[in-house]
Protein chains: 2
Amino acid sequence: MMRRKPSLEAAAAWIRLMRVQSRVLDTVEHELKEAGFPPLACYEALSELSRAQAGELRPVELERQMLLPQYTTSRLIDRLVDEGLAARRECKADRRGQFVEITDAGRALQKRMGRAYSAAIEKHVGSKLSDAEAAELCGLLDRLGCSCNEAQALAVRDGASTQ
Amino acid sequence: MMRRKPSLEAAAAWIRLMRVQSRVLDTVEHELKEAGFPPLACYEALSELSRAQAGELRPVELERQMLLPQYTTSRLIDRLVDEGLAARRECKADRRGQFVEITDAGRALQKRMGRAYSAAIEKHVGSKLSDAEAAELCGLLDRLGCSCNEAQALAVRDGASTQ
DNA sequence: TCACGATTGATGCAGTTGCATGGAGTACGG
DNA sequence: CCGTACTCCATGCAACTGCATCAATCGTGA
(Lines give C-alpha, C1' and ligand atoms only; values in the text may rest on other atoms or scores of the structure.)
Protein backbone atom coordinates (compact mmCIF):
# COMPACT_ATOMS: atom_id res chain seq x y z
CA MET A 1 0.00 0.00 0.00
CA MET A 2 1.31 3.33 -1.03
CA ARG A 3 2.45 5.83 1.47
CA ARG A 4 -0.03 8.65 1.50
CA LYS A 5 1.19 10.60 4.42
CA PRO A 6 3.98 13.00 3.67
CA SER A 7 6.59 13.46 6.32
CA LEU A 8 6.15 16.50 8.48
CA GLU A 9 9.27 17.90 6.88
CA ALA A 10 7.85 17.51 3.40
CA ALA A 11 4.56 19.11 4.39
CA ALA A 12 6.41 21.98 6.00
CA ALA A 13 8.54 22.43 2.92
CA TRP A 14 5.46 22.43 0.71
CA ILE A 15 3.67 25.05 2.68
CA ARG A 16 6.70 27.28 2.82
CA LEU A 17 7.34 26.90 -0.85
CA MET A 18 3.80 28.08 -1.55
CA ARG A 19 3.70 30.84 0.98
CA VAL A 20 7.16 32.27 0.54
CA GLN A 21 6.99 32.26 -3.21
CA SER A 22 3.72 34.09 -3.36
CA ARG A 23 4.80 36.54 -0.74
CA VAL A 24 8.07 37.34 -2.46
CA LEU A 25 6.52 37.46 -5.89
CA ASP A 26 3.71 39.72 -4.75
CA THR A 27 6.19 42.03 -3.11
CA VAL A 28 8.40 42.29 -6.13
CA GLU A 29 5.52 42.69 -8.57
CA HIS A 30 4.00 45.32 -6.40
CA GLU A 31 7.23 47.21 -6.14
CA LEU A 32 7.65 47.28 -9.89
CA LYS A 33 4.07 48.31 -10.34
CA GLU A 34 4.55 51.16 -7.92
CA ALA A 35 7.45 52.28 -10.02
CA GLY A 36 5.10 52.42 -12.98
CA PHE A 37 6.19 49.28 -14.73
CA PRO A 38 4.07 46.63 -16.44
CA PRO A 39 3.85 43.08 -15.04
CA LEU A 40 6.80 40.75 -14.90
CA ALA A 41 5.56 38.56 -17.73
CA CYS A 42 5.95 41.55 -19.97
CA TYR A 43 9.52 42.00 -18.93
CA GLU A 44 10.35 38.38 -19.40
CA ALA A 45 8.92 38.47 -22.88
CA LEU A 46 10.84 41.61 -23.78
CA SER A 47 13.99 39.98 -22.49
CA GLU A 48 13.46 36.94 -24.65
CA LEU A 49 12.87 39.11 -27.65
CA SER A 50 15.87 41.32 -27.10
CA ARG A 51 18.03 38.29 -26.60
CA ALA A 52 16.85 36.76 -29.87
CA GLN A 53 18.35 37.13 -33.30
CA ALA A 54 17.25 40.39 -34.85
CA GLY A 55 15.07 41.01 -31.81
CA GLU A 56 12.30 38.84 -33.14
CA LEU A 57 10.76 35.48 -32.37
CA ARG A 58 7.88 33.37 -33.48
CA PRO A 59 5.12 33.30 -30.90
CA VAL A 60 5.58 29.57 -30.65
CA GLU A 61 9.17 29.99 -29.65
CA LEU A 62 8.36 32.64 -27.11
CA GLU A 63 5.76 30.29 -25.75
CA ARG A 64 8.28 27.51 -25.31
CA GLN A 65 10.94 29.71 -23.81
CA MET A 66 8.57 31.11 -21.26
CA LEU A 67 6.76 27.86 -20.57
CA LEU A 68 3.42 29.52 -21.05
CA PRO A 69 0.24 28.18 -22.60
CA GLN A 70 -0.41 29.25 -26.15
CA TYR A 71 -3.31 31.56 -25.41
CA THR A 72 -1.42 33.34 -22.67
CA THR A 73 1.39 34.03 -25.08
CA SER A 74 -0.98 35.22 -27.73
CA ARG A 75 -2.55 37.71 -25.36
CA LEU A 76 0.74 38.79 -23.90
CA ILE A 77 1.84 39.69 -27.41
CA ASP A 78 -1.38 41.60 -27.92
CA ARG A 79 -0.53 43.71 -24.92
CA LEU A 80 3.04 44.30 -25.98
CA VAL A 81 1.81 45.43 -29.35
CA ASP A 82 -0.91 47.62 -27.88
CA GLU A 83 1.68 49.39 -25.82
CA GLY A 84 4.08 49.81 -28.66
CA LEU A 85 6.71 47.57 -27.13
CA ALA A 86 6.66 45.05 -29.92
CA ALA A 87 5.26 44.67 -33.41
CA ARG A 88 3.85 41.74 -35.34
CA ARG A 89 5.56 41.07 -38.62
CA GLU A 90 4.52 38.62 -41.22
CA CYS A 91 6.42 35.42 -41.68
CA LYS A 92 6.95 34.76 -45.33
CA ALA A 93 8.30 31.29 -44.85
CA ASP A 94 5.21 30.09 -43.05
CA ARG A 95 1.98 31.96 -43.60
CA ARG A 96 0.37 30.47 -40.55
CA GLY A 97 2.95 32.14 -38.42
CA GLN A 98 4.33 35.55 -37.74
CA PHE A 99 7.24 37.22 -36.10
CA VAL A 100 7.12 39.38 -33.05
CA GLU A 101 9.76 42.05 -33.08
CA ILE A 102 10.76 44.20 -30.17
CA THR A 103 10.63 47.93 -30.78
CA ASP A 104 13.05 50.58 -29.58
CA ALA A 105 10.59 51.52 -26.89
CA GLY A 106 10.50 47.86 -25.93
CA ARG A 107 14.25 47.63 -25.63
CA ALA A 108 14.37 50.79 -23.60
CA LEU A 109 11.72 49.56 -21.22
CA GLN A 110 13.39 46.20 -20.91
CA LYS A 111 16.59 47.85 -19.80
CA ARG A 112 14.93 50.12 -17.32
CA MET A 113 12.88 47.31 -15.88
CA GLY A 114 15.90 45.12 -15.73
CA ARG A 115 17.55 47.50 -13.36
CA ALA A 116 14.51 47.79 -11.13
CA TYR A 117 13.95 44.06 -11.24
CA SER A 118 17.52 43.28 -10.34
CA ALA A 119 17.37 45.69 -7.47
CA ALA A 120 14.19 44.08 -6.20
CA ILE A 121 15.67 40.61 -6.39
CA GLU A 122 18.74 41.71 -4.58
CA LYS A 123 16.60 43.33 -1.95
CA HIS A 124 14.23 40.45 -1.40
CA VAL A 125 16.41 37.46 -2.10
CA GLY A 126 20.06 38.30 -2.48
CA SER A 127 20.36 40.27 0.69
CA LYS A 128 18.78 37.52 2.74
CA LEU A 129 20.98 34.65 1.68
CA SER A 130 24.69 34.18 1.29
CA ASP A 131 25.82 33.03 -2.13
CA ALA A 132 26.38 29.58 -0.73
CA GLU A 133 22.90 29.44 0.73
CA ALA A 134 21.37 30.65 -2.49
CA ALA A 135 23.22 27.95 -4.37
CA GLU A 136 22.01 25.38 -1.92
CA LEU A 137 18.45 26.58 -2.31
CA CYS A 138 18.84 26.22 -6.07
CA GLY A 139 20.00 22.68 -5.62
CA LEU A 140 17.09 21.71 -3.45
CA LEU A 141 14.54 23.38 -5.68
CA ASP A 142 15.99 21.70 -8.70
CA ARG A 143 15.25 18.37 -7.16
CA LEU A 144 11.59 19.25 -7.05
CA GLY A 145 11.14 20.56 -10.53
CA CYS A 146 11.91 18.83 -13.73
CA SER A 147 13.08 22.22 -13.32
CA CYS A 148 14.40 25.18 -15.14
CA ASN A 149 17.49 23.82 -16.75
CA GLU A 150 15.72 23.78 -20.06
CA ALA A 151 14.91 27.43 -19.80
CA GLN A 152 17.76 29.74 -20.54
CA ALA A 153 19.83 31.66 -18.05
CA LEU A 154 16.88 33.98 -17.77
CA ALA A 155 15.86 37.44 -17.86
CA VAL A 156 17.46 38.88 -14.81
CA ARG A 157 20.88 38.46 -16.20
CA ASP A 158 20.27 41.09 -18.79
CA GLY A 159 19.37 43.77 -16.36
CA ALA A 160 22.25 42.70 -14.19
CA SER A 161 24.82 42.25 -16.86
CA THR A 162 25.25 46.00 -17.14
CA GLN A 163 27.95 45.60 -14.58
CA MET B 1 25.71 53.56 -3.70
CA MET B 2 23.38 50.67 -3.27
CA ARG B 3 24.10 47.37 -4.79
CA ARG B 4 21.61 46.75 -7.54
CA LYS B 5 22.99 43.65 -9.07
CA PRO B 6 21.99 40.45 -7.42
CA SER B 7 24.57 37.71 -7.33
CA LEU B 8 24.16 35.07 -9.97
CA GLU B 9 23.27 32.69 -7.19
CA ALA B 10 20.49 34.92 -5.94
CA ALA B 11 19.11 35.38 -9.43
CA ALA B 12 19.20 31.64 -10.01
CA ALA B 13 17.46 31.01 -6.71
CA TRP B 14 14.78 33.54 -7.58
CA ILE B 15 14.01 32.06 -10.92
CA ARG B 16 13.86 28.56 -9.52
CA LEU B 17 11.65 29.63 -6.70
CA MET B 18 9.21 31.08 -9.22
CA ARG B 19 9.36 28.28 -11.71
CA VAL B 20 9.42 25.32 -9.38
CA GLN B 21 6.65 26.63 -7.21
CA SER B 22 4.31 27.27 -10.08
CA ARG B 23 5.14 23.97 -11.67
CA VAL B 24 4.56 21.97 -8.50
CA LEU B 25 1.46 23.91 -7.57
CA ASP B 26 -0.04 23.54 -11.01
CA THR B 27 0.64 19.84 -10.95
CA VAL B 28 -0.92 19.28 -7.58
CA GLU B 29 -3.92 21.49 -8.30
CA HIS B 30 -4.46 19.75 -11.58
CA GLU B 31 -4.26 16.35 -9.98
CA LEU B 32 -6.86 17.26 -7.40
CA LYS B 33 -9.06 18.78 -10.04
CA GLU B 34 -8.83 15.60 -12.09
CA ALA B 35 -10.00 13.73 -9.04
CA GLY B 36 -13.04 15.98 -9.00
CA PHE B 37 -12.05 18.20 -6.13
CA PRO B 38 -12.45 21.95 -5.80
CA PRO B 39 -9.40 24.26 -5.70
CA LEU B 40 -6.88 24.17 -2.89
CA ALA B 41 -8.04 27.44 -1.36
CA CYS B 42 -11.33 25.73 -0.67
CA TYR B 43 -9.60 22.95 1.15
CA GLU B 44 -7.48 25.29 3.19
CA ALA B 45 -10.57 27.18 4.24
CA LEU B 46 -12.42 24.02 5.18
CA SER B 47 -9.41 22.95 7.20
CA GLU B 48 -9.34 26.20 9.09
CA LEU B 49 -13.02 25.92 9.81
CA SER B 50 -12.91 22.33 10.96
CA ARG B 51 -9.98 23.15 13.19
CA ALA B 52 -11.83 26.03 14.80
CA GLN B 53 -14.02 25.98 17.87
CA ALA B 54 -17.48 24.72 16.99
CA GLY B 55 -16.42 24.58 13.36
CA GLU B 56 -17.04 28.25 12.83
CA LEU B 57 -15.01 31.39 12.29
CA ARG B 58 -15.55 35.02 11.57
CA PRO B 59 -14.61 35.87 7.99
CA VAL B 60 -12.02 38.25 9.35
CA GLU B 61 -10.31 35.50 11.23
CA LEU B 62 -10.33 33.20 8.25
CA GLU B 63 -8.85 36.03 6.27
CA ARG B 64 -5.98 36.44 8.70
CA GLN B 65 -5.30 32.75 9.03
CA MET B 66 -5.11 32.30 5.30
CA LEU B 67 -3.29 35.54 4.58
CA LEU B 68 -5.79 36.44 1.91
CA PRO B 69 -7.21 39.82 0.96
CA GLN B 70 -10.62 40.58 2.33
CA TYR B 71 -12.49 40.37 -0.94
CA THR B 72 -10.94 37.03 -1.79
CA THR B 73 -12.10 35.63 1.49
CA SER B 74 -15.55 37.02 1.00
CA ARG B 75 -15.88 35.34 -2.36
CA LEU B 76 -14.32 32.12 -1.18
CA ILE B 77 -17.02 31.94 1.47
CA ASP B 78 -19.64 32.60 -1.19
CA ARG B 79 -18.44 29.56 -3.04
CA LEU B 80 -18.33 27.36 0.01
CA VAL B 81 -21.87 28.36 0.82
CA ASP B 82 -23.05 27.86 -2.75
CA GLU B 83 -21.72 24.35 -2.69
CA GLY B 84 -23.19 23.55 0.65
CA LEU B 85 -19.82 23.14 2.34
CA ALA B 86 -20.37 25.94 4.81
CA ALA B 87 -23.15 28.20 6.01
CA ARG B 88 -23.29 31.82 7.08
CA ARG B 89 -24.67 32.35 10.54
CA GLU B 90 -25.47 35.63 12.13
CA CYS B 91 -23.26 37.03 14.83
CA LYS B 92 -25.35 38.40 17.60
CA ALA B 93 -22.48 39.99 19.42
CA ASP B 94 -21.49 42.12 16.46
CA ARG B 95 -24.11 42.82 13.85
CA ARG B 96 -21.59 43.89 11.27
CA GLY B 97 -20.13 40.45 11.32
CA GLN B 98 -21.18 36.88 10.85
CA PHE B 99 -19.98 33.38 11.47
CA VAL B 100 -19.09 30.88 8.84
CA GLU B 101 -19.79 27.36 9.94
CA ILE B 102 -18.62 24.24 8.20
CA THR B 103 -21.33 21.74 7.30
CA ASP B 104 -21.20 17.97 7.49
CA ALA B 105 -20.65 17.87 3.76
CA GLY B 106 -17.82 20.31 4.27
CA ARG B 107 -16.17 18.17 6.88
CA ALA B 108 -16.53 15.10 4.75
CA LEU B 109 -14.99 16.80 1.75
CA GLN B 110 -12.19 18.20 3.85
CA LYS B 111 -11.25 14.72 4.97
CA ARG B 112 -11.38 13.23 1.52
CA MET B 113 -9.37 16.08 0.04
CA GLY B 114 -6.90 15.84 2.86
CA ARG B 115 -6.04 12.34 1.84
CA ALA B 116 -5.65 13.22 -1.82
CA TYR B 117 -3.71 16.34 -0.98
CA SER B 118 -1.33 14.52 1.30
CA ALA B 119 -0.75 11.91 -1.33
CA ALA B 120 0.00 14.57 -3.89
CA ILE B 121 2.45 16.32 -1.62
CA GLU B 122 4.19 13.10 -0.85
CA LYS B 123 4.37 12.33 -4.53
CA HIS B 124 5.65 15.70 -5.68
CA VAL B 125 7.68 16.84 -2.71
CA GLY B 126 8.19 14.18 -0.09
CA SER B 127 9.41 11.53 -2.46
CA LYS B 128 11.97 13.84 -3.99
CA LEU B 129 13.69 14.99 -0.84
CA SER B 130 14.99 13.27 2.24
CA ASP B 131 13.61 14.53 5.51
CA ALA B 132 16.87 16.31 6.15
CA GLU B 133 16.78 18.01 2.79
CA ALA B 134 13.19 19.05 3.27
CA ALA B 135 14.10 20.54 6.62
CA GLU B 136 16.98 22.38 5.04
CA LEU B 137 14.72 23.72 2.34
CA CYS B 138 12.35 24.96 5.03
CA GLY B 139 15.17 26.75 6.73
CA LEU B 140 16.31 28.49 3.59
CA LEU B 141 12.81 29.49 2.58
CA ASP B 142 12.13 30.84 6.03
CA ARG B 143 14.97 33.24 5.59
CA LEU B 144 13.22 34.73 2.60
CA GLY B 145 9.77 35.15 4.00
CA CYS B 146 8.74 36.99 7.07
CA SER B 147 7.48 33.64 6.58
CA CYS B 148 4.86 31.23 7.68
CA ASN B 149 5.57 30.87 11.33
CA GLU B 150 2.58 32.99 12.11
CA ALA B 151 0.32 30.69 10.19
CA GLN B 152 -0.61 27.51 11.98
CA ALA B 153 0.74 24.06 11.38
CA LEU B 154 -1.43 24.02 8.30
CA ALA B 155 -3.94 22.09 6.57
CA VAL B 156 -2.07 19.07 5.43
CA ARG B 157 -1.63 17.77 8.90
CA ASP B 158 -5.32 17.20 9.28
CA GLY B 159 -5.66 15.02 6.28
CA ALA B 160 -2.54 13.23 7.27
CA SER B 161 -3.25 12.90 10.93
CA THR B 162 -5.90 10.29 10.27
CA GLN B 163 -3.18 7.73 10.53
C1' DT C 1 -2.38 16.46 -56.67
C1' DC C 2 -5.45 15.56 -53.05
C1' DA C 3 -7.04 14.31 -48.60
C1' DC C 4 -5.97 14.14 -43.93
C1' DG C 5 -3.62 15.13 -39.82
C1' DA C 6 -0.74 18.31 -37.46
C1' DT C 7 0.83 23.07 -36.43
C1' DT C 8 0.14 28.05 -35.73
C1' DG C 9 -2.28 31.54 -33.81
C1' DA C 10 -6.78 33.95 -32.36
C1' DT C 11 -10.95 34.28 -29.75
C1' DG C 12 -15.76 33.58 -27.27
C1' DC C 13 -17.08 32.43 -22.91
C1' DA C 14 -17.30 31.67 -18.14
C1' DG C 15 -14.97 32.01 -13.97
C1' DT C 16 -11.58 34.56 -11.09
C1' DT C 17 -8.85 38.43 -9.51
C1' DG C 18 -7.49 43.15 -8.06
C1' DC C 19 -9.05 47.59 -7.00
C1' DA C 20 -11.93 50.89 -5.34
C1' DT C 21 -15.97 51.84 -3.10
C1' DG C 22 -20.15 51.46 -0.35
C1' DG C 23 -23.27 50.40 3.43
C1' DA C 24 -23.99 48.77 7.90
C1' DG C 25 -22.57 48.60 12.50
C1' DT C 26 -19.42 49.65 16.48
C1' DA C 27 -16.47 52.45 19.69
C1' DC C 28 -15.54 56.41 21.85
C1' DG C 29 -14.60 61.29 23.02
C1' DG C 30 -17.17 65.10 24.17
C1' DC D 1 -26.81 61.49 22.97
C1' DC D 2 -24.07 62.85 18.80
C1' DG D 3 -20.38 62.96 15.54
C1' DT D 4 -16.36 60.96 13.85
C1' DA D 5 -13.33 57.36 12.99
C1' DC D 6 -12.95 52.70 12.41
C1' DT D 7 -14.13 47.70 11.55
C1' DC D 8 -16.61 44.18 8.95
C1' DC D 9 -18.25 42.50 4.86
C1' DA D 10 -20.14 42.84 -0.04
C1' DT D 11 -19.91 44.18 -4.84
C1' DG D 12 -19.42 46.75 -9.59
C1' DC D 13 -16.09 46.96 -12.86
C1' DA D 14 -12.17 46.09 -15.61
C1' DA D 15 -8.53 43.06 -16.39
C1' DC D 16 -6.90 38.46 -16.66
C1' DT D 17 -7.13 33.24 -16.81
C1' DG D 18 -8.32 28.63 -18.38
C1' DC D 19 -10.79 25.99 -21.60
C1' DA D 20 -12.51 24.79 -25.79
C1' DT D 21 -12.70 25.69 -30.45
C1' DC D 22 -11.89 27.77 -34.83
C1' DA D 23 -9.71 29.22 -39.25
C1' DA D 24 -5.77 29.15 -41.87
C1' DT D 25 -1.84 26.92 -43.43
C1' DC D 26 1.53 23.32 -43.82
C1' DG D 27 3.35 18.65 -44.81
C1' DT D 28 2.94 14.00 -45.91
C1' DG D 29 1.62 9.73 -47.82
C1' DA D 30 -1.05 7.63 -51.36
Side-chain angles (χ1 to χ4, degrees), chain A residues 18 21-23 25-34 36-45 48-49 56-83 86-101, chain B residues 18 21-23 25-34 36-45 48-49 56-83 86-101:
Chain A
M18 298 302 122
Q21 189 271 356
S22 74
R23 184 145 182 42
L25 177 58
D26 285 355
T27 306
V28 169
E29 283 259 36
H30 199 270
E31 230 165 70
L32 293 198
K33 185 173 181 179
E34 289 281 279
F37 290 118
L40 270 183
C42 239
Y43 171 71
E44 310 264 347
E48 292 298 335
L49 291 176
E56 61 182 17
L57 283 176
R58 299 283 300 265
V60 175
E61 313 194 64
L62 191 55
E63 178 186 328
R64 292 189 192 125
Q65 296 281 331
M66 300 184 63
L67 306 175
L68 292 177
Q70 183 268 322
Y71 54 81
T72 297
T73 309
S74 178
R75 285 165 173 154
L76 178 54
I77 294 170
D78 284 347
R79 263 168 281 165
L80 294 178
V81 171
D82 284 348
E83 299 178 23
R88 294 183 206 267
R89 307 184 61 74
E90 83 173 309
C91 173
K92 293 170 184 166
D94 183 345
R95 299 279 166 105
R96 291 170 302 184
Q98 62 190 243
F99 280 109
V100 180
E101 183 182 23
Chain B
M18 299 301 121
Q21 189 270 356
S22 74
R23 185 143 180 44
L25 177 58
D26 285 356
T27 306
V28 169
E29 283 259 35
H30 199 272
E31 231 165 69
L32 292 198
K33 184 173 180 178
E34 289 280 280
F37 290 117
L40 269 185
C42 240
Y43 171 71
E44 310 265 348
E48 291 298 336
L49 291 176
E56 61 182 17
L57 282 175
R58 300 283 299 266
V60 175
E61 312 194 64
L62 191 55
E63 179 186 327
R64 291 188 192 127
Q65 295 282 332
M66 300 184 64
L67 305 176
L68 292 177
Q70 183 270 321
Y71 53 82
T72 298
T73 309
S74 178
R75 284 164 172 154
L76 178 53
I77 294 171
D78 284 347
R79 262 169 281 167
L80 293 179
V81 171
D82 284 348
E83 299 179 23
R88 294 184 206 266
R89 307 183 62 73
E90 84 174 308
C91 173
K92 293 169 185 167
D94 183 346
R95 298 281 165 103
R96 291 169 301 182
Q98 63 190 242
F99 280 110
V100 180
E101 183 182 23

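Reminder, nothing fancy here: chain letters follow the sequence lines and each chain counts from 1. Bear in mind that the values here come from a model prediction, so they are computed numbers and not experimental data.
Candidate nucleotides D:dG18, D:dC8, C:dT8 were compared by shortest atom distance to the side chain of A:Val60, and C:dT8 ranks first.
With B:Glu29 contributing its side chain and B:Leu40 its backbone, the two residues share a donor-acceptor pair below 3.5 Å. Looking only at distances, no side-chain donor or acceptor of B:Thr72 sits under 3.5 Å from a matching main-chain atom of B:Leu68.
For the pair B:Leu57 CG and D:dC8 P, the computed distance is 14 Å after rounding to whole Å. Taking atom CG of residue B:Leu76 and atom P of nucleotide D:dC8, one finds them 18 Å apart after rounding to whole Å. Atom P of nucleotide C:dT16 and atom CD1 of B:Ile77 are separated by 15 Å, given to the nearest angstrom. When rounded to the nearest whole Å, the span between CG of A:Leu62 and C1' of C:dT8 equals 14 Å. With rounding to whole Å, A:His30 atom NE2 is found 10 Å from C:dG18 atom C1'. Between B:Glu90 atom CD and C:dT26 atom P the separation is 12 Å, expressed in whole Å. Atom pair A:Gln70:CD and D:dC16:C1' shows a separation of 16 Å (rounding to whole Å applied). The distance from atom CG of B:Asp94 to atom P of C:dA27 is 7 Å, rounded to the nearest whole Å.
In this model, no side-chain donor or acceptor of A:Arg95 finds a partner on the base of D:dG27 within 3.5 Å. The base of C:dT7 sits within donor-acceptor range of the side chain of A:Arg96, with an N or O pair under 3.5 Å.
In terms of position along DNA chain C, the nucleotide closest to A:Glu63 lies nearer the 5' end than the nucleotide closest to the other residue of the pair A:Asp26 and A:Glu63. Where B:Ser74 and B:Lys33 each meet DNA chain D at their nearest nucleotide, the meeting point lying more 5' is that of B:Ser74.
Within the 4.0 angstrom heavy-atom criterion, no nucleotide atom of any strand lies near A:Asp78. In this structure, A:Thr72 reaches the sugar-phosphate backbone alone: every heavy-atom distance under 4.0 Å involves primed, P, OP1 or OP2 atoms, never a base. Nucleic acid contact for B:Arg75: base, since at least one base atom lies under 4.0 Å from a heavy atom of the residue.
For B:Arg64 and D:dT7, the shortest distance from a side-chain N or O to OP1 or OP2 is not below 4.0 Å. Listed pair A:Arg58 / C:dG9 meets the phosphate criterion, a side-chain N or O lying under 4.0 Å from OP1 or OP2. Using a 4.0 Å cut-off, some side-chain N or O of B:Gln98 falls inside it from OP1 or OP2 of D:dA10.
Looking at every heavy atom in both residues, A:Ala86 comes nearest to A:Val100 through CB-CG1, 3.9 Å. Annotation for B:Arg88 and B:Ser74: closest pair NH2-O, 4.1 Å, computed over non-hydrogen atoms.
To the nearest 0.5 Å, atom CZ of residue B:Arg58 and atom CZ of residue B:Phe99 are 5.5 Å apart.
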